[in-house]
Amino acid sequence: THPQVGPTQCVGPDYRSESQKPIATVSTEVKYETVVTLPQTPQLIALLTKIRDKNTERADFIFYSNRIIRLLVEEGLNHLPVVEQTITTPVGRNYAGLMFQGKICGVSIMRAGEAMEQGLRDCCRSVRIGKILIQRDEETSQPKLFYDKLPEDIAERWVLLLDPMFATGGSAIMAVEVLKSRGVPEERILFLNLIASPEGISNFATKFPKLRVVTAFVDQGLDSKNYIVPGLGDFGDRFYTI
Ligand code: URA
């Protein structure tokens, strides 16, 4: 009953002409320099098609979500500082390379954000991971901090904040306030998510102009229950419920 909305684009390998490429809905463009959207490649669009489909069963939902999470983490790592490092190869030649500078940690917003922890561990061996639990207060209907466990030295680290669905941004804003209260400057936080809403992005960019967001896709908007549309439904339910 709802019309197809959102920008469409021909998506396919470069050696195909535009008329040979299928048309797909791609991410809405956003105007903030701090928001990085993953390249809208055929791979990414196909993975998102799998996880958005209401008929995709749980095992496939987990498998394809994990692939997108991996892409997000790999892109997120590109936003960390690096320094020059020259090494010598086994054939005695030098190679002018780079190494990461600075310590990192992950912080997941429970419960859905915990689904992104493994993807981070797969890329960063023995990475420290903290957790924040924020839930809606029944009385005020505002987000409320229920629990946090964060590395003691978090103020010295870069933080990869993990939450797959970036809807109104209410929980994420509260999570960032917690991180800032522990001494993490905004510019050392990267917020990784699979699907964002334009509302969440602009709320965030206004409040935290130096914080970077890495997202796979910016969707059309929110429905009356603050679900992202077209979205994928409740991420936590689809990932964790058998
Ligand atoms: N959280 C979800 O899991 N899905 C949405 O659409 C919004 C928030």
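Start at 1 and go down the list; that is how both ligands and their atoms are numbered.
Of the listed residues (G231, G236, A167, G233), the one carrying the non-hydrogen atom nearest atom 4 (N) of ligand 1 is G233.
Under the 6.0 Å cut-off for aromatic ring centres, F191 and F208 do not qualify, their centroids lying 6.0 Å or more apart.
Of the protein's non-hydrogen atoms, F235 N, 2.8 Å is the one closest to atom 3 (O) of ligand 1. At the shortest separation from atom 1 (N) of ligand 1 among protein heavy atoms lies M165 CB, 3.6 Å. Protein heavy atom in closest approach to atom 6 (O) of ligand 1: I228 N, 2.8 Å.
Between E139 and K144 there is no salt bridge, since none of the side-chain N atoms of the basic residue sits less than 4.0 Å from a carboxylate O of the acidic one. Salt bridge absent: R58 and D237 never bring a charged side-chain N and a carboxylate O closer than 4.0 Å. Checked for salt-bridge contact, E18 and K21 meet the test: a charged N lies under 4.0 Å from a carboxylate O.
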